[in-house]
Every structure is written in structure tokens, then in C-alpha cells.
Amino acid sequence: MADQKLISFDLRADFGFFKKPDYNDGILLSYNMIHKPALLGILGAIIGLEGYSKKGEFPQYYQRLKDLSIGIEPLNHEKGNFQKTTVKYTNTVGYANDDGNLLIEEMMLVKPAYRCYVLLDLAVEDHNKLYDYLKRGQAEYIPYLGKNEFQASWLNDDGESTFREYDFNAFKPGQDFGLRTVFIKSNPIKNEQVLVKISFRSRTVFNEATFSYFERLPVHFHESLIQYHLYDMAYTDYVLSSESTITNLLQIEDSIGSKTVVQLF
């Protein structure tokens, strides 16, 4: 516990593309939210771990970082979503055109940004290196959001690192709470939320919420099939009940004393 550090950094790019492998009928679709395997790849690139090199084997970054606990908070979003656009292009590479021109239409995220929480154990060499590199804004390989041309950064507009550290404790809901991050949804949201209340005397609305966002996202790889293992995920500004069954929650406090609750998975 003494060697554990909970940190975050704000990852952003002009465009992003996190390919959905289960649909390519005329258009390549992207997940809206960065998912854990994609984030592990970015973290691996930052400290110089290798990617895919041999069919049927997991890349080095996944083998060494798969047990990291991470959390994802979308930034500058619209009710959990990012603006999207599509682009059509022709793949002129020779091997892709044996039977005619290969025309591709691809969805892209516009200005995606995420606050990425990572629980590090500094006694582990890779984790220690991540802590050092993220804090100093350094990377061995250029990180990108899904494609080489979508270069990503965790520096702010002034060129300074968005790296933050937090004090943290396990959070067991003893009272209603808000959750800052995307979370694994094991029950319907309506069973977890605090109902909206209206005071006609003071004309005040309590626990008013504006959105719930849902997406099935990869969290792990199936070890035998080497395919994404998808989980039902949610993100909301609902006040959640003290009776909530959401697990793996941490209450975190930043350097200015601001507290919030996140889920790591």
C-alpha cells in the first residue's frame, strides 16, 4: 500500500478511432469511449513496450500491464458522447487492390479527451517507469488514439503535464454519491439511482439528472480466443444510491482537497 500511487492524466487528440472489430460492412465504426486495452497500449507506448509482433500472441504491453487498475472519465463531452464524422478514402497499397480499388469509409471521433486514472505500484519496475514518464511528460513511442495519424498528448495548452496525484481510500457507499468515471453496469441504472424529488414549497428539484450513457466496451481479452471481452458500461450524472451495488469504488482527494468517487477496473 505504501508504494501505491493513484494518478491521473488528461489524454486528448484532434481525432480518435477505436475500431469495433465486429462490424465492417461498408464502414469502419469506432467505440465512443477509450477502452482499457487501448489505454494499456498507450501506456505501453509511453514506456517503450512492444506492440503486436506475432499472430496468436498477446503484445508485450498487454502481457506486462494487463493487471493495471484504470478508470476513465470523458472530458468536454456532450452527455458522454463525442462528436463524430466520417471520411472516405482509397487504399492504394498494392496488396490491398488485387481485386480492384479498396474504398474505405471510416468513422472518427472529433476532439476526444479523457481523464485517465491509473493505480500504480511503484515496487513494480514498469509502474515506476510509468509514474516517472507521465509526470515528466515523456514517452518512448508517440502515443496515438487508435491510428498513427491521431497523435495524442497529455500536456495542456501551455505545454505542461496534466499529471495529478491523489490520496485515496476504498469507498463503501454509506450515503448517496456521484460517480466521476465510466463504470461497469451490473444492474439497471434505475435500480442504482436516487429518485428525483421536487419541493413545491421551495420550487426546488433535488437529484436532477440530465443523461445516462451506455456502451459495451472491451475490458480484457479472452485468453484463448484472443478477442475482446466486452462489458456493459455506463456513465451518468445521476446521484447514485447508498444501496448501490457498484463495486471497486475509490474516494479520491486531490491536492486542493477536492473529493470525488471513481471506479477502477
Are any non-hydrogen side-chain atoms of L103 and K88 less than 4.5 angstrom apart?
-> no
Kindly indicate whether the side chain of N248, heavy atoms from C-beta on, has any atom under 4.5 Å from the side chain of I184.
-> no
Just jot down the side chain to side chain donor-acceptor pair (under 3.5 Å) partners of S8, sequence neighbours excluded, or say none.
-> Y166
Ring pair (Phe, Tyr, Trp, His ring centres under 6.0 Å) against H220, all qualifying residues, sequence neighbours excluded | none
Do the side chain of T181 and the main chain of Q263 share a donor and acceptor less than 3.5 angstrom apart?
-> yes
Where at least one partner belongs to residues 230-244, residue pairs that pass salt bridge (charged side-chain N to carboxylate O under 4.0 Å, His left out), sequence neighbours excluded = R216-D232
With the side chain counted from C-beta on, respond yes when Y213 and H77 share a heavy-atom pair under 4.5 Å apart, and no when they do not.
-> no
For Y52, enumerate each residue passing the ring pair (Phe, Tyr, Trp, His ring centres under 6.0 Å) test, keeping only those at least two apart in sequence or located in another chain.
-> none
Could I get the full list of ring pair (Phe, Tyr, Trp, His ring centres under 6.0 Å) partners for Y61, not counting sequence neighbours?
-> none
Note, K20 side chain near Y228 side chain (heavy atom, < 4.5 Å) | no
I34 side chain near I42 side chain, heavy-atom distance below 4.5 Å | yes
Return each pair, listed once, that meets salt bridge (charged side-chain N to carboxylate O under 4.0 Å, His left out) where at least one residue sits in residues 109-118; pairs must be two or more places apart or across chains.
-> D10-R115, D14-K111
Heavy-atom side-chain contact between F168 and V262 under 4.5 Å | no
Under a 4.5 Å cut-off applied to non-hydrogen side-chain atoms, are L240 and P173 in contact?
-> no
Scan the side chains in residues 147-156 for donor-acceptor partners under 3.5 Å anywhere in the protein, sequence neighbours excluded, and list what turns up.
{"unit_1": "K147", "atom_1": "NZ", "unit_2": "E106", "atom_2": "OE1", "d": "3.4"}
{"unit_1": "K147", "atom_1": "NZ", "unit_2": "E106", "atom_2": "OE2", "d": "2.7"}
{"unit_1": "K147", "atom_1": "NZ", "unit_2": "E149", "atom_2": "OE2", "d": "3.4"}
{"unit_1": "N148", "atom_1": "OD1", "unit_2": "Y144", "atom_2": "OH", "d": "3.4"}
{"unit_1": "S153", "atom_1": "OG", "unit_2": "L155", "atom_2": "N", "d": "3.0"}
{"unit_1": "W154", "atom_1": "NE1", "unit_2": "L134", "atom_2": "O", "d": "3.0"}
{"unit_1": "N156", "atom_1": "OD1", "unit_2": "D158", "atom_2": "N", "d": "2.9"}
{"unit_1": "N156", "atom_1": "OD1", "unit_2": "G159", "atom_2": "N", "d": "3.1"}
{"unit_1": "N156", "atom_1": "OD1", "unit_2": "E160", "atom_2": "N", "d": "2.9"}

Please examine the side chains of F183 and F265, heavy atoms only from C-beta on, and report whether any two atoms are closer than 4.5 Å.
-> no
Side-chain donor or acceptor of E215 paired with backbone N/O of N32 under 3.5 Å | yes
When the side chains of residues 67-76 are checked against the rest of the protein, which donor-acceptor pairs come out under 3.5 Å, sequence neighbours left out?
{"unit_1": "E73", "atom_1": "OE1", "unit_2": "Y117", "atom_2": "OH", "d": "2.7"}

For side chain to side chain donor-acceptor pair (under 3.5 Å), just list the numbers for E50 and Y141, CA-CA rounded to whole Å, side-chain angles, deciding distance to a tenth of an Å, and then say yes or no.
-> CA-CA 10 Å; E50 299 291 337; Y141 302 128; 3.2 Å; yes
Please name all residues satisfying salt bridge (charged side-chain N to carboxylate O under 4.0 Å, His left out) with K79, sequence neighbours left out, ordered by chain then number.
-> none
Describe, in one word, how the ring planes of Y62 and F58 are oriented to each other, choosing from parallel (under 30°), tilted (30 to 60°) and perpendicular (over 60°).
-> tilted
Side-chain (K129) to main-chain (I47) donor-acceptor, under 3.5 angstrom = yes
Contacts table for residues 249-260: side-chain donor-acceptor under 3.5 angstrom, sequence neighbours left out:
{"unit_1": "D254", "atom_1": "OD1", "unit_2": "I256", "atom_2": "N", "d": "3.1"}
{"unit_1": "D254", "atom_1": "OD1", "unit_2": "G257", "atom_2": "N", "d": "3.2"}
{"unit_1": "D254", "atom_1": "OD1", "unit_2": "S258", "atom_2": "N", "d": "2.9"}

Which salt bridge (charged side-chain N to carboxylate O under 4.0 Å, His left out) pairs, counting each pair once, include a residue from residues 164-174, with sequence neighbours left out?
-> K5-E165, K135-E165
Quick one: list whatever passes side chain to side chain donor-acceptor pair (under 3.5 Å) with Y133, sequence neighbours left out.
-> E140
